[in-house]
Amino acid sequence: MARAATTTDAFNAVAEPRRREILDALAGGELAVGDLVELLGLAQPQVSKHLRVLREVGLVDVRDDGRRRLYRVNGAPLQAVHDWVSQYERLWNERFDLVDEVLGELVEQETAPGDAAATGTDAGTGQGD
C-alpha cells in the first residue's frame, strides 16, 4: 500500500518532527525564513521545503513584508488533530488517576502504624534500637 503524501492533510504534515518544530517556533508570532533557519539550526532549503508542505495543507500562512516573506501559524487545520487527540484525554486521565491511587496506597503502607520503619523496631527481632 502506498504511503500518503505529506501534503494531503494536517496529520501527515505534523508527523514530521521538523515541521512540528517550525509550528512551535511560529506559535510565538510571525517569522521570516531566515529567522527560522537561525532558531532551528537548519539549512535554508530544508526550512523552505517544510514551509512549503505546511503552506500546502494550510497550517501556515505567508504575507509579503517588503522583500521578506513572513510566516505565521493558521490554527484552523490543527482542529482536526486536536479533536482526534482529545479522544484519548479521558484514557490518559483514567490511567493517571490509577497511578495516583497506587502511589497513595504505597505511601499509606510505608507510614502505617506497626511498620518497622515507622516504629523504629527491627523487623527481624521485633526489638527496638
Side-chain angles (χ1 to χ4, degrees):
M1 180 174 189
R3 200 181 93 175
T6 58
T7 58
T8 58
D9 62 29
F11 288 94
N12 287 317
V14 299
E16 210 290 324
R18 293 294 188 182
R19 288 194 278 271
R20 291 192 307 270
E21 288 179 20
I22 290 171
L23 290 172
D24 289 344
L26 293 174
E30 291 183 325
L31 293 172
V33 173
D35 298 328
L36 290 165
V37 165
E38 187 175 321
L39 265 171
L40 303 174
L42 298 173
Q44 186 273 328
Q46 284 181 295
V47 171
S48 293
K49 176 185 129 189
H50 290 308
L51 283 169
R52 180 182 49 80
V53 171
L54 293 169
R55 251 189 359 259
E56 287 176 2
V57 299
L59 286 170
V60 298
D61 294 323
V62 61
R63 72 176 179 89
D64 292 326
D65 181 39
R67 295 177 55 192
R68 298 182 336 150
R69 299 186 80 194
L70 297 176
Y71 294 85
R72 67 182 169 275
V73 172
N74 175 15
L78 288 172
Q79 185 66 47
V81 175
H82 175 270
D83 292 346
W84 180 74
V85 169
S86 63
Q87 296 177 42
Y88 296 92
E89 184 176 10
R90 183 179 53 84
L91 174 67
W92 296 333
N93 287 335
E94 288 172 1
R95 291 189 179 178
F96 289 139
D97 290 345
L98 287 173
V99 169
D100 285 343
E101 286 178 31
V102 169
L103 289 174
E105 290 172 7
L106 290 173
V107 167
E108 284 179 23
Q109 287 175 1
E110 286 186 5
T111 59
D115 180 23
T119 62
T121 60
D122 183 341
T125 63
Q127 301 289 320
D129 289 308

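- Between L36 and V47 the shortest heavy-atom distance is CB-CG1, 3.8 Å.
- Counting heavy atoms from C-beta outward, R63 and D65 have side chains that approach closer than 4.5 Å.
- Between E56 and R52, at least one side-chain N (NZ, or NE/NH1/NH2) sits under 4.0 Å from a carboxylate O, which counts as a salt bridge.
- Note that the CZ atom of F11 and the CG atom of L78 stand 9.5 Å from one another [nearest 0.5 Å].
- A 4.5 Å side-chain heavy-atom check between V62 and L51 finds every atom pair outside the cut-off.
- Annotation: side-chain contact (heavy atoms from CB on, under 4.5 Å) contacts of Q79 (sequence neighbours excluded): H82, D83.
- A donor-acceptor contact shorter than 3.5 Å links the side chain of R20 to the backbone of V14.
- Residues Y71 and L31 form no side-chain contact, since every pair of their non-hydrogen atoms from C-beta on lies 4.5 Å or further apart.
- Cluster annotation: W84 and W92 are assigned to the same hydrophobic cluster (Ile/Leu/Val/Met/Phe/Trp/Tyr, side-chain heavy-atom contacts under 4.5 Å, transitive).
- Residues E94 and R90 meet the side-chain proximity criterion, which asks for heavy atoms closer than 4.5 Å.
- Linking Ile, Leu, Val, Met, Phe, Trp and Tyr whenever their side-chain heavy atoms come within less than 4.5 Å puts V37 and L54 in one cluster.
- Rounding to the nearest 0.5 Å places CG of D35 at 11.0 Å from CD of E30.
- Note: the hydrophobic cluster containing L91 also contains V81 (ILVMFWY, side chain heavy atoms under 4.5 Å, direct or indirect links).
- Of all heavy-atom pairs spanning A32 and R68, the tightest one is CB-NH1, 4.1 Å.
- N12 places no side-chain N or O within donor-acceptor distance of the main-chain N or O of D9, the cut-off being under 3.5 Å.
- Using a 4.5 Å cut-off on side-chain heavy atoms (C-beta onward), L23 and R19 make no contact.
- Atoms CG and NZ, from L42 and K49 in turn, are 10.5 Å apart once rounded to the nearest 0.5 Å.
- The shortest non-hydrogen separation linking L59 to A13 is CD1-CB, 4.0 Å.
- Neither side chain, H50 nor R18, offers a donor N or O lying under 3.5 Å from an acceptor on the other.
- Judged purely by atom type and a 3.5 angstrom limit, Q46 uses its side chain to pair as donor or acceptor with the backbone of A43.
- Counting all heavy atoms, side chain and backbone alike, P77 lies closest to G58 at CG-O, 3.2 Å.
- For Q44, the CD atom counts as densely surrounded, since its 6.0 Å shell holds more than 12 non-hydrogen atoms of other residues, nucleotides or ligands.
- Using a 4.5 Å cut-off between side-chain heavy atoms of Ile, Leu, Val, Met, Phe, Trp and Tyr, with links allowed through other members, V99 and V107 fall into different hydrophobic clusters.
- R72 is not listed as a side-chain neighbour of L26, based on a closest heavy-atom distance of 4.5 Å or more.
- Heavy atoms only, all atoms of each residue included: A10 and V57 are closest at N-CB, 4.4 Å.
- Between the CG atom of D61 and the CG atom of L70 there is a distance of 12.0 Å, given to the nearest 0.5 Å.
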